[in-house]
Amino acid sequence: MAESAQPAETGIAVLLAGGRPGQQVLVRGWVRTRRDSKDVTFIELNDGSCLENLQVVLEPGRPGWEARDDVTTGASLVVSGPLVESPAAGQPVELRPESLEVTGGSEDDFPLQKKRHGFEYLRTIAHLRVRSNTFGALARVRNSLFTQVHGFFQERGFLFLPAPIITASDAEGAGEMFRVTTLDWGRGGEEPDYSRDFFGQKAGLTVSGQLEAEIFAQAFQKVYTFGPTFRAENSNTSRHAAEFWMIEPEMAFAGLEDNLRLAEDFIKAVIGGVLEQCPGDMGFFDARIEKGLLEKLTHVLESPFETITYTEAVRLLEESGEKFEFPAAWGHDLQSEHERYLAEKKLRRPVFVTDYPKDIKAFYMRMNPDGKTVAAMDLLVPGVGEIIGGSQREERLENLRRRMDSMDISPEEYWWYLDLRRYGSTPHSGFGVGFERLLMYITGLGNIRDVIPFPRTPGNIGF
Ligand code: 4AD
Ligand code: MG
């Protein structure tokens with residue numbers, strides 16, 4: 001076997017976990033910091049594989065080894081040489097390079113110098129913040145959560161349906177669709193003639209893949225969508241993004257109770273999976289972002305979620321003695337201050353709120369026998385508020401017709417949705433999880449702009 005001149009690249013995570021002194025290694029990465037003392041230079045090198053850096057020790061005094069002024073914070077390097085046992089605390093090994101190549105130097109004004117930057121500033125440098133500790137940890141946890149989501153559903157026999165992104169139906173009926181058009185319209189503000197548009201009718205970006213998931217559930221029973229979702233919601237809050245990811249399972253032959261069980265199992269399984277897969281990054285969030293985060297999440301895994309009806313929730317709010325900006329009243333949607341009171345102060349754990357008044361929920365939710373409420377479920381969690389919204393769906397053709405009629409939803413537009421109730425209808429249920437809201441809960445990061453790499457919010461698209 002021919003001997004190669006260089007060993008293959010090894011990730012820093014692997015070297016710190018099991019690298020042996022004497023082992024010849026090659027690493028590539030970016031300089032986080034450089035520290036010079038009288039006769040050695042310490043470089044903290046990060047390659048994105050983990051939170052920790054590999055310490056690279058340069059000894060300028062060594063023959064043939066000049067002082068490397070080009071090794072500055074932010075520079076990219078390829079380094080090779082032997083690992084040696086590290087005298088420094090907290091790291092088993094360090095690297096004494098025999099060769100060091102600066103592949104790209106970094107100019108003096110590189111913004112991520114030693115001092116810690118505020119999140120707001122970091123948002124203005126979305127192209128560089130990926131090299132910060134917080135964002136690095138977030139990116140790895142986000143990646144892990146993706147695999148947890150697919151793993152959870154695949155293990156349980158759910159079929160993955162990537163729902164279309166361009167669609168003609170506003171599933172939520174909330175008028176928050178971004179328009180997709182090739183028409184040149186503007187003047188006058190009147191509705192354009194959509195028959196001349198690209199699709200020959202009005203189209204937009206999806207606000208939810210639920211209706212397509214319902215179609216699939218009526219053939220495959222258990223399905224889920226997981227993809228980008230768009231809402232032209234002009235809410236400039238820390239929990240709303242114009243582009244986010246939603247996970248939407250849908251089950252045929254299933255009622256609200258099945259929905260609650262699936263949602264609770266899902267939340268617990270993915271949190272457990274991330275804790276197992278990303279102990280270092282989760283430890284960082286616990287230490288630097290939300291004190292007690294790991295204890296909170298462990299507690300979530302171990303205790304059952306609370307379930308209360310909307311009517312009970314309103315009673316708890318009325319009896320709370322709290323001064324809310326908007327007092328709670330039956331028939332009105334819960335405000336985020338209400339959601340947070342219930343989950344954070346009153347019940348101190350994730351809580352399902354079920355059976356909302358029909359007038360504040362979407363047309364597809366199943367009417368309860370009382371004729372006033374629908375079989376809805378929201379999951380509220382401390383610190384974030386609503387992370388899941390779902391329901392049992394109205395599977396009875398006549399009920400659905402009546403409901404659409406009373407909400408001015410055109411049966412011609414939804415003829416295919418009605419068809420599902422005409423041919424082999426089943427009681428069925430599903431829900432939508434906001435991926436970024438779930439990430440906020442798991443990491444303790446308080447703003448949705450910091451859990452999505454390139455956030456889109458009202459008035460802000462970045463680049
Ligand atoms: O409660 P929502 O609007 O429910 C639906 O869209 C249903 N079609 C879901 C279903 O039953 N299949 O949205 C579901 C979740 C919310 O609970 C929230 O976590 C998240 O999606 N979400 C947002 N996340 C970030 N930014 C926004 N603007 C969001 N709007 C909803
Ligand atoms: Mg909702």
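For ligands, and for the atoms within them, numbers begin at 1 and follow the listed sequence. We're numbering straight along the sequence, starting at 1.
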- Are Arg129 and Asp450 close enough, and set up right, to give a salt bridge (charged side-chain N to carboxylate O under 4.0 Å, His left out), and what steps lead you there? CA-CA 10 Å; Arg129 71 169 177 175; Asp450 300 321; 3.4 Å; yes

- Query: What pairs with Glu312 under side chain to side chain contact (heavy atoms under 4.5 Å, CB included), at least two apart in sequence or on another chain?
  - Reply: Ile308, Thr309, Arg315

Contact atoms of ligand 1, heavy-atom distance to [X] under 4.0 Å:
X	value
Gly390	11 (O)
Glu233	28 (N)
Tyr364	7 (C), 8 (N)
Arg239	25 (C), 26 (N)
Ile448	25 (C)

Closest non-hydrogen protein atom to [atom], residue and atom name please, with distance?
atom	value
atom 12 (N) of ligand 1	Glu248 OE2, 2.7 Å
atom 18 (C) of ligand 1	Arg437 NH1, 3.5 Å
atom 3 (O) of ligand 1	Arg231 NH1, 2.8 Å
atom 14 (C) of ligand 1	Gly432 O, 3.5 Å
atom 19 (O) of ligand 1	Ile387 O, 2.9 Å
atom 26 (N) of ligand 1	Ala241 N, 3.0 Å
atom 1 (O) of ligand 1	Glu386 OE2, 3.0 Å

Under a 4.0 Å heavy-atom limit, does [X] contact ligand 1 with its side chain, its backbone, both, or neither?
X	result
Met246	side chain
Phe435	neither
Phe244	side chain
Ile388	backbone
Glu243	neither
Glu172	side chain

- Message: Tell me which one of Phe363, Tyr364, Tyr423 satisfies ring-ring contact (aromatic ring centres under 6.0 Å, His included) with Tyr417.
- Response: Phe363

- Query: Which of these, Phe160, Phe226, Phe220, Tyr224, sits in a ring-ring contact (aromatic ring centres under 6.0 Å, His included) with Phe153?
  - Reply: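 Only one option passes, and that is Tyr224.
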
- Message: Does atom CD (Glu319) have a neighbourhood of more than 12 heavy atoms from anything else shown, all under 6.0 Å?
- Response: yes

- Message: Taking atom CD as the centre, does Glu276 end up with more than 12 heavy-atom neighbours from other residues, nucleotides or ligands that are less than 6.0 angstrom away?
- Response: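 Not more than 12 within 6.0 Å, no.
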
- Message: Less than 3.5 Å apart, any donor N or O on the side chain of Glu214 or His428 sitting next to an acceptor on the other?
- Response: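 Indeed, the side chains of Glu214 and His428 share at least one donor-acceptor pair under 3.5 Å.
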
- Task: State, without any angle test, whether Arg140 and Asn143 hold a side-chain donor-acceptor pair at a distance under 3.5 Å.
- Result: no

- Message: Consider side-chain contact (heavy atoms from CB on, under 4.5 Å). Of Asn133, Thr73, Ile125, which one does Leu112 pass it with?
- Response: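 That would be Ile125; it is the only one of Asn133, Thr73, Ile125 passing the side-chain contact (heavy atoms from CB on, under 4.5 Å) with Leu112.
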
- With Glu386 as reference, evaluate Val381, Leu379, Leu380 under the side-chain contact (heavy atoms from CB on, under 4.5 Å) test and give the passing residue. Leu380

[X] side chain to [Y] main-chain N or O, any donor-acceptor pair under 3.5 Å?
X	Y	result
Arg396	Met367	yes
Asn399	Arg401	no
Arg366	Ser391	no

- Do we get Arg156 above Phe152's six-membered ring, with its NZ or CZ under 6.0 Å from the centre and within 45° of the axis? yes

- Query: Centre of Tyr121's six-membered ring, under 6.0 Å away, within 45 degrees of the axis: is that where NZ or CZ of Arg123 sits?
  - Reply: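 Here Arg123 fails the 6.0 Å and 45° test against Tyr121.
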
Close N or O approach ([X], ligand 1; < 3.5 Å):
X	answer
Arg393	yes
Gly434	yes
Ser208	yes

- Residues Glu339, Arg239; criterion salt bridge (charged side-chain N to carboxylate O under 4.0 Å, His left out); working and verdict: CA-CA 13 Å; Glu339 296 178 347; Arg239 330 175 295 147; 3.7 Å; yes

- Using 2.8 Å as the cut-off, note every protein N, O or S atom close to the Mg ion (ligand 2).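 Checking every protein N, O and S atom gives Glu386 OE2.
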
